[in-house]
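A short worksheet on the structure shown next.
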Amino acid sequence: MFDKLEDLLIRYEEIMGELQEPGVADDPERFRRLMKEQSDLAPIVEAYREYKQCRQNIEDSLGLLEEEADEELRELAKEELNESKVRVEELEKELKILLLPKDPNDEKNVIVEIRAGAGGDEAALFAAEIYRMYVHYAEDRRWRTELISLNENGIGGFKECVFMITGQGAYSRLKYESGVHRVQRVPETESGGRIHTSTVTVAIMPEAEEVDIVIDEKDIRIDVMRASGNGGQCVNTTDSAVRLTHYPTGIVIYSQTEKSQLQNKEKAFRLLRSKLYDLELEKQQASEAEARRSQIGTGDRSEKIRTYNFPQGRVTDHRIKLTLHKLDTILNGDLDEIIDSLIAADQAAKLANMNEE
């Protein structure tokens with residue numbers, strides 16, 4: 001580990017030197033690449049430099065204790081020694097986590113697909129609440145949201161909703177949200193006051209660039225039509241809606257949220273690229289050995305990951321056995337405690353796998 005850290009420190013210093021060279025900013029691609037590498041290495045280098053300083057402090061304190069007779073100075077040296085030993089242990093754990101292989105998709109924007117599952121209208125109403133939860137979370141992190149397609153049920157619920165979240169590190173935090181979200185509550189439509197259980201499925205897909213997925217025009221059929229459902233002026237009066245059919249996979253994409261056919265077509269292609277990219281990722285993960293897979297993965301879509309229980313005001317994440325009694329604030333976008341716990345569990349699982357190998 002320390003040989004690798006030394007290599008990274010040398011590389012970091014090389015990058016800093018290159019960034020000082022005259023004319024480096026004249027090559028935008030090289031400048032962007034160097035800045036990205038520098039920002040990726042900075043947290044590791046800072047932690048490693050602090051680690052080396054703490055090791056030096058331990059040596060200095062031990063030397064002082066051997067040579068110094070003054071009791072006051074000896075006490076100061078002991079204090080410094082203990083503090084440095086504790087910090088060295090903390091930094092060793094920190095550095096192991098920082099050196100874990102990075103998910104190449106972590107910095108990507110995400111496309112979120114929410115579908116009502118079991119439970120009819122009640123599931124659709126909860127799907128709309130889940131959508132608002134993610135929109136609030138994105139707003140709190142200063143990320144941007146953009147609706148791609150929406151299929152409503154007429155009473156304020158969403159049968160299906162697809163939208164994009166644009167922001168640095170969006171996938172790194174939201175990738176754990178894929179799976180089945182279960183709600184337990186008394187529906188407004190239930191006269192007998194019985195608790196119903198409904199489900200919503202969430203799929204989180206990293207946005208695919210054109211270089212990630214190349215779509216052959218021969219594999220696509222494009223249909224244009226008039227938008228249906230609720231729409232503003234012009235939306236329902238022109239052939240602006242776009243439907244893409246991808247023959248090899250049978251995937252059908254429908255986009256109608258924009259007035260312009262061109263904009264809807266662009267959104268539909270973005271969604272199709274991300275769906276195809278997500279299929280490739282699923283194939284890769286399926287081919288990996290079970291032992292190498294993280295215990296907290298990016299979420300199988302059929303896996304029940306979380307329950308929102310209204311009578312008890314609680315949210316339980318089943319993967320990490322975490323229960324929080326703050327349902328209202330979570331549905332209002334306060335997801336950080338859950339996501340931070342999932343990230344910590346994922347890192348712990350990956351470290352355990354590394355130690356076993």
Side-chain angles (χ1 to χ4, degrees), residues 1-67 76-108 141 167-173 175-176 206 209 211-212 284 288 291-294 296 339-357:
M1 175 171 108
F2 295 105
D3 287 344
K4 185 172 183 180
L5 285 166
E6 280 297 326
D7 290 342
L8 292 176
L9 181 57
I10 291 164
R11 176 60 191 148
Y12 183 81
E13 285 164 356
E14 283 173 358
I15 292 166
M16 296 307 286
E18 284 185 57
L19 286 168
Q20 302 300 319
E21 288 175 11
V24 70
D26 297 338
D27 183 346
E29 179 54 36
R30 182 188 171 209
F31 184 71
R32 187 196 62 76
R33 189 170 33 84
L34 287 171
M35 288 300 292
K36 169 80 170 63
E37 196 178 351
Q38 185 262 341
S39 69
D40 288 346
L41 288 178
I44 303 172
V45 167
E46 283 166 23
Y48 184 46
R49 281 175 174 163
E50 189 186 345
Y51 173 84
K52 288 175 82 170
Q53 184 57 57
C54 286
R55 295 293 308 218
Q56 187 59 52
N57 291 347
I58 289 170
E59 279 186 39
D60 294 345
S61 300
L62 287 169
L64 195 63
L65 285 169
E66 277 182 20
E67 297 164 10
L76 285 171
K78 282 178 191 172
E79 201 176 307
E80 174 81 22
L81 180 64
N82 291 334
E83 284 176 9
S84 294
K85 279 183 175 177
V86 168
R87 188 64 185 133
V88 157
E89 281 185 29
E90 290 171 351
L91 285 163
E92 278 182 3
K93 287 177 190 168
E94 213 175 291
L95 285 163
K96 281 177 184 172
I97 289 168
L98 286 167
L99 286 173
L100 284 172
K102 293 276 189 295
D103 184 333
N105 294 310
D106 272 353
E107 291 306 308
K108 290 188 185 239
R141 297 191 76 86
Q168 190 175 6
Y171 186 73
S172 71
R173 295 198 62 79
K175 62 185 175 182
Y176 304 99
E209 307 291 331
V211 292
D212 296 325
Q284 284 173 25
E288 286 176 3
R292 292 188 61 82
R293 247 183 255 162
S294 166
I296 311 292
I339 290 172
D340 287 341
S341 300
L342 286 163
I343 290 170
D346 190 20
Q347 289 171 342
K350 284 174 180 167
L351 285 171
N353 283 341
M354 278 177 71
N355 292 337
E356 284 170 17
E357 287 172 7

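- Side-chain contact between Leu81 and Asp60 is absent, with no heavy-atom pair separated by less than 4.5 Å.
- Salt bridge Arg173/Asp340: present, at least one basic N to carboxylate O contact under 4.0 Å.
- Here the closest heavy-atom approach between residue Leu8 and residue Ile44 is recorded as CD1-CG2, 4.1 Å.
- Salt bridge present: Arg11 and Glu18 bring a charged side-chain N and a carboxylate O closer than 4.0 Å.
- Between Arg49 and Glu46 there is no salt bridge, since none of the side-chain N atoms of the basic residue sits less than 4.0 Å from a carboxylate O of the acidic one.
- Annotation for Gln168: atom CD does not count as buried by contact number, only 12 or fewer foreign heavy atoms lying within 6.0 Å.
- Listed here is the closest heavy atom pair of Gln38 and Ile15: CB-CG2, 3.9 Å.
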* Going through the distances and angles, do Glu90 and Lys85 end up as a salt bridge (charged side-chain N to carboxylate O under 4.0 Å, His left out)? -> CA-CA 9 Å; Glu90 290 171 351; Lys85 279 183 175 177; over 6 Å; no
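- In this structure, Glu50 does not pair ionically with Arg55, as no charged nitrogen and carboxylate oxygen lie closer than 4.0 Å.
- Taking each heavy atom of Ile58 and Ser84 in turn, the nearest pair found is CG1-CB, 3.6 Å.
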* Please test Glu107 against Lys102 for salt bridge (charged side-chain N to carboxylate O under 4.0 Å, His left out), starting from the C-alpha separation and ending with a verdict. => CA-CA 10 Å; Glu107 291 306 308; Lys102 293 276 189 295; over 6 Å; no
* Begin from the C-alpha positions of Leu91 and Cys54 and carry the test side-chain contact (heavy atoms from CB on, under 4.5 Å) through to its verdict. => CA-CA 9 Å; Leu91 285 163; Cys54 286; 4.2 Å; yes
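- Between the side chains of Tyr12 and Glu37, no donor N or O sits under 3.5 Å from an acceptor N or O.
- Counting only heavy atoms from C-beta outward, the side chains of Lys93 and Lys96 never approach each other to under 4.5 Å.
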* Given the rule in the side-chain contact (heavy atoms from CB on, under 4.5 Å) test, do Asn105 and Lys175 qualify, once you have shown the distances and angles that lead to the verdict? -> CA-CA 10 Å; Asn105 294 310; Lys175 62 185 175 182; over 6 Å; no
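- Environment of CD in Gln56: crowded, with over 12 heavy atoms of neighbouring residues, nucleotides or ligands closer than 6.0 Å.
- Across all non-hydrogen atoms, the minimal contact from Ser39 to Pro43 is O-CD, 3.3 Å.
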* **Worked check of side-chain contact (heavy atoms from CB on, under 4.5 Å) between Glu83 and Asn57** => CA-CA 10 Å; Glu83 284 176 9; Asn57 291 347; over 6 Å; no
* Asked: Yes or no on side-chain contact (heavy atoms from CB on, under 4.5 Å) for Glu94 and Tyr51, after CA distance, side-chain angles and deciding distance?
  -> CA-CA 10 Å; Glu94 213 175 291; Tyr51 173 84; over 6 Å; no
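- Annotation: side chain of Asp106 is in contact with side chain of Asp103 (closest heavy-atom distance under 4.5 Å).
- A pairwise comparison of heavy atoms in Tyr176 and Leu342 identifies CB-CD1, 3.8 Å as the closest pair.
- One finds no salt bridge joining Arg87 and Glu92 here, because no Lys/Arg side-chain nitrogen approaches an Asp/Glu carboxylate oxygen to under 4.0 Å.
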